[in-house]
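Throughout, numbering of the chain's residues begins at 1 and tracks the sequence.
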Amino acid sequence: MVHFVGAGPGAPDLITRRGAALLQTADCIIYAGSLVNPALLGLAGPDCAICNSAEMTLEQVLAVMKENEAAHKTTVRLHTGDPCLYGAIREQMDALDAMGIAYDDTPGVSSFCGAAAALNAEYTLPGVSQTVIITRMEGRTPVPEGERLAALAAHGATMVIFLSIGLIDKVQTALLQGAYTPATPAAVVYKATWPEQKIVHCTVGTLAESTRAAGIAKTALIVVGDFLAARYDRSKLYDPAFTTEFRRGTDR
């Protein structure tokens with residue numbers, strides 16, 4: 001059987017107990033290159049085969065899975081963060097379906113959650129933004145026409161931008177074509193939750209300059225929006241005037 005396992009964004013203790021148990025009992029681990037904390041591979045048994053998928057094609061990954069399945073061995077496909085975001089997991093699952101190989105999926109903690117924790121931030125602040133757009137800048141890999149960064153920026157919502165730090169100048173230009181201004185708060189989080197984590201606070205107008213000054217060129221998220229500022233409305237959930245299913249408020 002094949003087990004897809006999501007790791008934490010960096011810190012090895014963020015992996016679920018089920019994920020850790022699967023790593024400990026795996027016959028083979030196919031892990032996502034330098035994105036996965038190598039400490040997680042230390043959970044593998046002494047006879048476990050380790051494969052780095054950064055050096056493999058999809059066909060090679062599938063061939064290893066098929067070979068292990070024929071030998072009645074267990075494969076763990078270890079993804080960084082949670083594989084539902086930019087994990088290319090669907091094409092693997094569809095191929096396994098076609099081959100009649102059973103699999104399951106154990107979720108992980110996405111780096112966008114790790115970034116919020118590193119920033120001590122809440123993406124959905126009342127009166128500021130109730131929408132989080134998770135996206136990436138179009139580069140060598142295109143995006144659907146309606147999902148170009150400048151078009152999404154028109155909403156002015158909280159935005160988390162993956163896989164785009166190497167295109168930081170284009171990211172800044174696209175953001176300024178939308179609802180964001182040069183003064184809109186922004187941050188760059190390098191390797192969220194890793195020991196070498198680095199945070200750069202800036203604005204959309206200084207995004208490219210600040211990123212270069214910090215020497216960040218890969219493995220970083222860009223977050224944008226007024227949720228990073230101090231102003232927001234009090235939540236209705238804990239407002240004494242607000243009645244809920246569990247608590248009577250003064251509005252009744």
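- Scanning both residues, A186 and L207, for their nearest heavy atoms gives CB-CD1, 4.4 Å.
- Contact check for P182 versus L176: side-chain heavy atoms found under the 4.5 Å cut-off.
- Interatomic distance, OG1 of T244 versus CG of D239, reported as 11.0 Å (0.5 Å rounding).
- The environment of CD in Q60 is crowded: more than 12 heavy-atom neighbours from other residues, nucleotides or ligands sit within 6.0 Å.
- Without hydrogens or angle criteria, R247 side chain to L237 main chain gives a donor-acceptor distance under 3.5 Å.
- The aromatic rings of H79 and F4 sit tilted relative to each other, their planes meeting at an angle between 30° and 60°.
- Within the 3.5 Å criterion, the main-chain N or O of T74 finds a donor-acceptor partner in the side chain of D27.
- Of the charged side-chain nitrogens involved, none lies within less than 4.0 Å of a carboxylate oxygen, so that D47 and K73 do not count as a salt-bridged pair.
- Distance check, rounded to the nearest 0.5 Å: CG of L163 to CZ of R140 gives 12.0 Å.
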Going by atom type alone, with no hydrogens or angles, which donor-acceptor pairs under 3.5 Å involve a side-chain atom of residues 28-37 and a protein atom two or more places apart or on another chain?
residue: N37; atom: OD1; partner: A39; partner atom: N; Å: 2.9
residue: N37; atom: ND2; partner: G10; partner atom: O; Å: 2.8

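- P83 places a side-chain heavy atom less than 4.5 Å from the side chain of D105.
- In terms of modelled atom types and a separation under 3.5 Å, the side chain of K198 and the main chain of A214 share a donor-acceptor contact.
- Contact annotation: the side chain of V200 never approaches that of T211 to less than 4.5 Å [non-hydrogen atoms, C-beta and beyond].
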Given I222 and M137, is the side-chain contact (heavy atoms from CB on, under 4.5 Å) satisfied, shown in steps? CA-CA 11 Å; I222 304 160; M137 182 77 190; over 6 Å; no

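- Both F112 and F227 are assigned to one and the same hydrophobic cluster, defined by single-linkage of ILVMFWY side chains at heavy-atom distances under 4.5 Å.
- Using modelled atom types, no side-chain atom of T193 and backbone atom of G114 make a donor-acceptor pair closer than 3.5 Å.
- Both I165 and L152 are members of a single hydrophobic cluster when ILVMFWY side chains are connected at heavy-atom separations under 4.5 Å.
- Looking at L41 and L78, their side chains come closer than 4.5 Å, going by heavy atoms from C-beta outward.
- When the side chains of ILVMFWY residues are joined at heavy-atom separations under 4.5 Å, either directly or via intervening members, W194 and L43 end up in two distinct hydrophobic clusters.
- By the 30° and 60° cut-offs, the orientation of the rings of F162 relative to Y86 is tilted.
- With E69 contributing its side chain and M1 its backbone, the two residues share a donor-acceptor pair below 3.5 Å.
- T206 places no side-chain N or O within 3.5 Å of a backbone atom of E209 that could act as its donor or acceptor partner.
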Exercise for the section: Determine, stepwise, if the pair M65 / Y103 fulfils side-chain contact (heavy atoms from CB on, under 4.5 Å). Expected result: CA-CA 10 Å; M65 293 176 174; Y103 59 86; over 6 Å; no

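- Closest approach of A44 to I50, counting heavy atoms only: CB-CD1, 4.2 Å.
- H201 has its side chain within reach of L119: a pair of non-hydrogen atoms, C-beta onward, lies under 4.5 Å apart.
- Looking at L22 and T106, their side chains come closer than 4.5 Å, going by heavy atoms from C-beta outward.
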- request: Go through the steps to decide whether V223 and Y123 satisfy the test side-chain contact (heavy atoms from CB on, under 4.5 Å), and finish with yes or no.
  value: CA-CA 9 Å; V223 296; Y123 287 135; 4.0 Å; yes

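- Judged by distance alone, the side chains of D226 and Y232 never bring a donor and an acceptor atom under 3.5 Å apart.
- Panel note: side chain S129, backbone L125; no donor-acceptor pair is recorded below 3.5 Å.
- Remark: the backbone N or O of Q92 is not paired with any side-chain donor or acceptor of R77 at under 3.5 angstrom.
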- Go through L175 and T184 one step at a time and tell me if the side-chain contact (heavy atoms from CB on, under 4.5 Å) criterion holds. CA-CA 10 Å; L175 293 174; T184 300; over 6 Å; no

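- The shortest distance between side-chain heavy atoms of K170 and T173 does not fall below 4.5 Å.
- The same ILVMFWY cluster, assembled from side-chain heavy atoms under 4.5 Å apart, contains both V64 and V2.
- Between the side chain of Q172 and the main chain of G205, a donor-acceptor pair closer than 3.5 Å is present.
- Grouping the Ile, Leu, Val, Met, Phe, Trp and Tyr side chains by contacts below 4.5 angstrom, directly or via other members, places V61 apart from V5.
- Under a 3.5 Å cut-off, the side chain of T124 and the backbone N or O of Q130 do not form any donor-acceptor pair.
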